[in-house]
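Okay, so here's the structure we're looking at.
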Amino acid sequence: MNKIRTRFAPSPTGSLHLGGVRTAFYNWLFARQNNGTFVLRIEDTDAERSTEESAKGIIESMKWLGLNWDEGPFFQSERLAIYFDHLEKLRKNGFIYPAFDTQQELDEMRELAKKQKRNPIYDRRALKLTDYEIKQKMDAGEPFVWRFKVPDSEFTEIPELLMGEQDDHKIRNATIGDFIITRPGTKNNPGMPLYNFACVIDDALMEISHVIRGMEHLPNTPKQVLLYKALGYNVPKFVHLPIIMKNNKKMSKRDKDYDPNFPVSILERRDLGYLPDATLNFIALLGWSHPLSKELLTPFEILENFSLDRLNKANPNFDEQKYLFINGWHVKNRNDDELVQIVSPFLQKAGYDTSKYNKENLEKMMAMEKERCHLLAQFPDALNFFFVAPETYEEKGIRKSFYQPQADLILQTTAKMIASLDDTEMNKASLDSKLANMVMNLEIKYGIVGPIIRLAITGKTKTPGLAEIIEVLGKNETINRLEKARVFIKSLPPLPIDEAS
RNA sequence: GUUCCCAUCGUCUAGUGGCCUAGGACAUCGGCCUCUCACGCCGGUAACACGGGUUCGACUCCCGUUGGGAACGCCA
């Protein structure tokens with residue numbers, strides 16, 4: 001059996017998007033799983049739209065995701081000589097012909113076809129040109145493109161593994177039309193190869209065994225099959241993946257109509273605090289399922305269980321809530337020290353001085369918040385009180401807690417209790433019992449005491465447990481904040497009568 | 001419009017003729033846990049688009065209808 005070789009072949013006309021990630025991932029999985037080879041190829045024959053920056057972004061994205069490739073990255077712009085050799089071969093063997101039609105003529109043809117309610121198919125007018133006419137036009141320097149002459153045979157068979165009938169499906173050649181394989185050029189200045197042409201040559205030369213790509217390429221496939229055959233190359237197997245939908249239309253990088261909070265660009269997701277493993281996990285599930293329906297998976301578990309015959313054919317819908325949920329799961333399954341590494345940049349970006357705390361305390365913060373934060377970008381807000389003492393207190397909390405008649409007493413008692421602690425008692429376990437003791441002696445319910453202390457030291461009503469916060473915050477800082485809150489409470493105006501109840 | 005593709009809870013899906021009074025997950029709604037929030041746990045609501053066949057039997061096979069999507073570029 002021949003070796004499995006797959007490829008990911010994006011065009012560098014923008015950042016890598018989530019749909020592309022799935023294509024890349026499936027190709028990567030299939031290659032890795034079969035001990036095959038995964039090739040990265042940048043399809044940059046469109047000089048106008050391609051940018052070096054995009055290519056770099058794609059490569060950076062692939063690395064960040066951990067989708068390592070074995071060969072490449074190849075750039076099509078560096079392989080032009082190869083394409084022109086093949087062009088010459090096709091020309092010699094009579095598979096292609098030059099067409100001098102102008103843009104306007106083509107537009108008119110399309111217009112007419114639309115009016116006649118049929119598919120716009122080239123009418124082969126250029127084929128009627130005599131050799132003499134062609135020579136004259138070429139010598140005169142008229143620009144032309146090369147068109148592939150679709151054979152008269154009735155069908156083109158596509159070796160498609162996923163879509164369509166179980167048997168290879170067949171496309172009627174009459175519906176294909178003589179397609180263009182090069183951009184306009186002149187006799188001495190050949191035009192750049194077009195997608196269908198360059199792609200086939202590269203896939204053939206790189207001995208790609210399985211072309212796994214989005215469904216939008218299905219209509220290109222019969223043309224490409226024809227090209228493989230004309231060139232005398234083996235036709236690979238094709239797998240056309242259903243299209244990922246968002247709000248009932250194709251999720252696309254060209255669609256400028258999307259919510260900036262939910263970017264399609266993978267690098268932008270990374271900057272929002274989505275994890276590579278989570279992204280791969282979520283995206284893998286858009287069209288594939290684990291044999292035991294497991295859904296929270298590491299890349300390794302996906303690799304172990306992936307198979308082409310568990311692919312789904314219907315277009316999946318991109319569900320942000322599920323992506324977020326899966327990200328949250330991966331966040332809370334990270335080790336605390338790993339989290340310190342990846343979360344610290346987010347804290348620093350928010351202006352917090354992480355050097356205020358040692359590694360151990362930073363890890364404790366991660367432990368406190370990792371079950372609460374689904375995105376890395378949520379950590380700064382969640383941990384802000386560790387870096388900045390509260391300036392204000394949550395309005396709701398003030399009414400509910402600080403207006404309690406015993407509030408000042410509670411804070412005073414807490415401050416005294418903390419002050420009495422020696423360093424060996426500044427840990428979660430003893431703090432928990434000291435706090436419980438104190439509450440017992442106070443003869444007030446923890447449900448009242450807790451929120452008051454919490455508000456005083458964090459300014460917030462929703463935080464992790466008190467003991468762990470105090471442990472990390474330290475003795476002096478905690479006492480300072482308690483005293484500051486007491487001052488604040490004393491300055492509080494009396495509660496309006498109608499709210500006093 | 002033409003060609004092609006697709007069709008199970010709101011969403012992602014399991015299901016390859018009897019195991020299905022259709023399973024799981026997200027979301028949602030109750031409850032438990034609890035110093036708050038979150039996590040976690042328990043439970044509820046919720047789907048085989050429709051119509052014909054084939055068959056002893058159809059979510060599963062066939063045909064049609066309807067619905068959705070993609071392509072129709074001298075982009076990839």
Side-chain angles (χ1 to χ4, degrees), chain A residues 9-13 43-46 48-50 99 101-103 106 110 113-121 143-147 160 162-164 169 171-172 175-177 179-185 191-192 194-196 198-199 213-222 240 242-243 245 248-250 254 282 285-296 309-310 312-326 328 332 368-374 382 397 400-401 435-436 439 445-455 458 460-467:
Chain A
S11 67
T13 54
E43 307 219 323
D44 57 350
T45 54
D46 187 343
E48 291 191 2
R49 292 203 306 133
S50 299
D101 311 288
T102 63
Q103 193 60 254
L106 291 172
R110 261 190 285 273
K114 204 175 171 184
K115 231 178 248 174
Q116 294 174 170
K117 298 187 173 182
R118 54 179 179 81
N119 218 1
I121 286 177
F144 63 91
V145 299
W146 287 102
R147 281 189 184 264
E160 166 69 37
L162 181 61
M163 291 298 170
H169 67 214
I171 302 294
R172 282 187 293 122
T175 65
I176 297 175
F179 53 97
I180 298 171
I181 63 173
T182 64
R183 290 180 171 76
M192 285 280 271
L194 248 13
Y195 166 71
N196 279 132
C199 177
R213 69 203 338 181
M215 251 254 312
E216 65 271 21
H217 286 293
L218 195 51
N220 285 320
T221 312
H240 285 99
I243 287 164
M245 309 289 283
N248 295 320
K249 55 182 196 256
K250 182 181 169 188
R254 294 188 204 177
F282 171 66
L285 261 17
L286 255 27
W288 172 82
S289 60
H290 186 280
L292 301 174
S293 294
K294 259 192 92 175
E295 300 206 310
L296 295 167
D309 41 69
R310 290 195 66 81
N312 214 42
K313 291 155 89 166
N315 296 342
N317 216 292
F318 192 94
D319 181 1
E320 291 291 350
Q321 285 182 310
K322 190 153 185 173
Y323 189 10
L324 198 61
F325 168 82
I326 289 178
K332 74 176 180 236
M368 273 182 237
E369 284 296 348
K370 68 180 177 181
E371 302 210 323
R372 206 171 316 259
C373 295
H374 292 215
K400 204 177 152 197
S401 297
L435 243 17
V439 169
K445 277 192 285 187
Y446 213 156
I448 293 171
V449 177
I452 295 173
I453 303 174
R454 177 188 322 283
L455 191 66
T458 69
K460 301 205 274 194
T461 57
K462 299 171 182 178
T463 73
L466 279 176

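Per chain, numbering begins at 1; letters A, B, ... match sequence-line order.
- Across the C1' atoms, rU66(B) and rC50(B) are found 7 Å apart, a figure rounded to whole Å.
- Between H217(A) and Y195(A), the ring centre distance stays below 6.0 Å.
- Distance noted for atom C1' between rG18(B) and rU11(B): 30 Å (whole Å).
- The side chain of K322(A) sits closest to rA25(B) out of rG73(B), rA25(B), rC39(B).
- Counting any heavy atom pair closer than 4.0 Å across all strands shown, L194(A) reaches sugar-phosphate atoms only and no base atom.
- Taking for each of S289(A) and N196(A) the nucleotide of RNA chain B with the nearest heavy atom, the 5'-most of the two is the partner of S289(A).
- Only the C1' atoms considered, rG44(B) is 14 Å distant from rA27(B), to the nearest whole Å.
- Nucleotides rG64(B) and rU3(B) have their P atoms positioned 14 Å apart, rounded to a whole Å.
- As judged by a 4.0 angstrom heavy-atom cut-off over every strand, Q321(A) is placed among residues touching the sugar-phosphate backbone only.
- In this structure, K249(A) atom NZ and rG69(B) atom P are separated by 11 Å, rounded to whole Å.
- Contacts of G465(A) with the nucleic acid, taken as non-hydrogen atoms under 4.0 Å apart, include base atoms.
- Within the nucleic acid shown, Y195(A) comes within 4.0 Å of at least one base atom, counting heavy atoms only.
- Of the candidate nucleotides rC6(B), rC74(B), rC75(B), rC74(B) has the atom nearest to the side chain of V145(A).
- At a threshold of 4.0 angstrom between heavy atoms, the contacts of K332(A) are confined to the sugar-phosphate backbone, with no base atom among them.
- Look at R147(A) and you won't find any side-chain N or O under 4.0 angstrom from OP1 or OP2 of rG73(B).
- Of the candidate nucleotides rA38(B), rU36(B), rC72(B), rA38(B) has the atom lying nearest to any side-chain atom of E371(A).
- Within 4.0 Å of L466(A), counting heavy atoms only, lies at least one base atom of the nucleic acid.
- Residue R213(A) is out of contact with every strand shown, counting any heavy-atom pair closer than 4.0 Å.
- Closest to the side chain of D46(A), out of rG40(B), rA76(B), rA70(B), is rA76(B).
- Here T45(A) reaches the OP1 or OP2 of rA76(B): one of its side-chain N or O atoms lies under 4.0 Å away.
- Dashed line: the shortest gap from a side-chain N or O of R49(A) to OP1 or OP2 of rG73(B) is not under 4.0 Å.
- Classified by interplanar angle (parallel below 30°, tilted 30° to 60°, perpendicular above 60°), the ring pair F318(A)/F282(A) is perpendicular.
- The separation of rC4(B) from rG51(B), taken at their C1' atoms, amounts to 25 Å, rounded to a whole angstrom.
- A distance of about 11 Å separates the C1' atoms of rA47(B) and rC59(B), rounded to the whole Å.
- Side-chain atoms of E160(A) come within 3.5 Å of backbone N or O of H240(A) as a donor-acceptor pair.
- Comparing rU36(B), rC4(B), rG1(B) against the side chain of I171(A) picks out rC4(B) as the nearest.
- Straight-line distance between the C1' atoms of rG24(B) and rU34(B): roughly 29 Å, to the nearest whole Å.
- Listed candidates were rU13(B), rA76(B), rC74(B). Nearest to the side chain of I180(A) is rC74(B).
- Comparing rG24(B), rC4(B), rG73(B) against the side chain of R110(A) picks out rG73(B) as the nearest.
- Among the heavy atoms of the strands, none lies under 4.0 Å from S401(A).
- The side chain of N315(A) has rG69(B) as its nearest neighbour among rC74(B), rG69(B), rA76(B).
- Contacts of E369(A) with the nucleic acid, taken as non-hydrogen atoms under 4.0 Å apart, are absent.
- Using the Watson-Crick or G-U wobble rule with both distances under 3.5 Å, rC33(B) pairs with nothing in any strand shown.
- To the nearest whole angstrom, the two P atoms, one in rC48(B) and one in rC29(B), are 24 Å apart.
- Within 4.0 Å of H217(A), counting heavy atoms only, lies at least one base atom of the nucleic acid.
- Annotation: of the two residues near RNA chain B, D319(A) and R454(A), the 5′-most nearest-nucleotide partner is D319(A).
- Although no hydrogens or angles enter the test, the distance criterion places no donor-acceptor pair under 3.5 Å between the side chain of Q116(A) and the main chain of R118(A).
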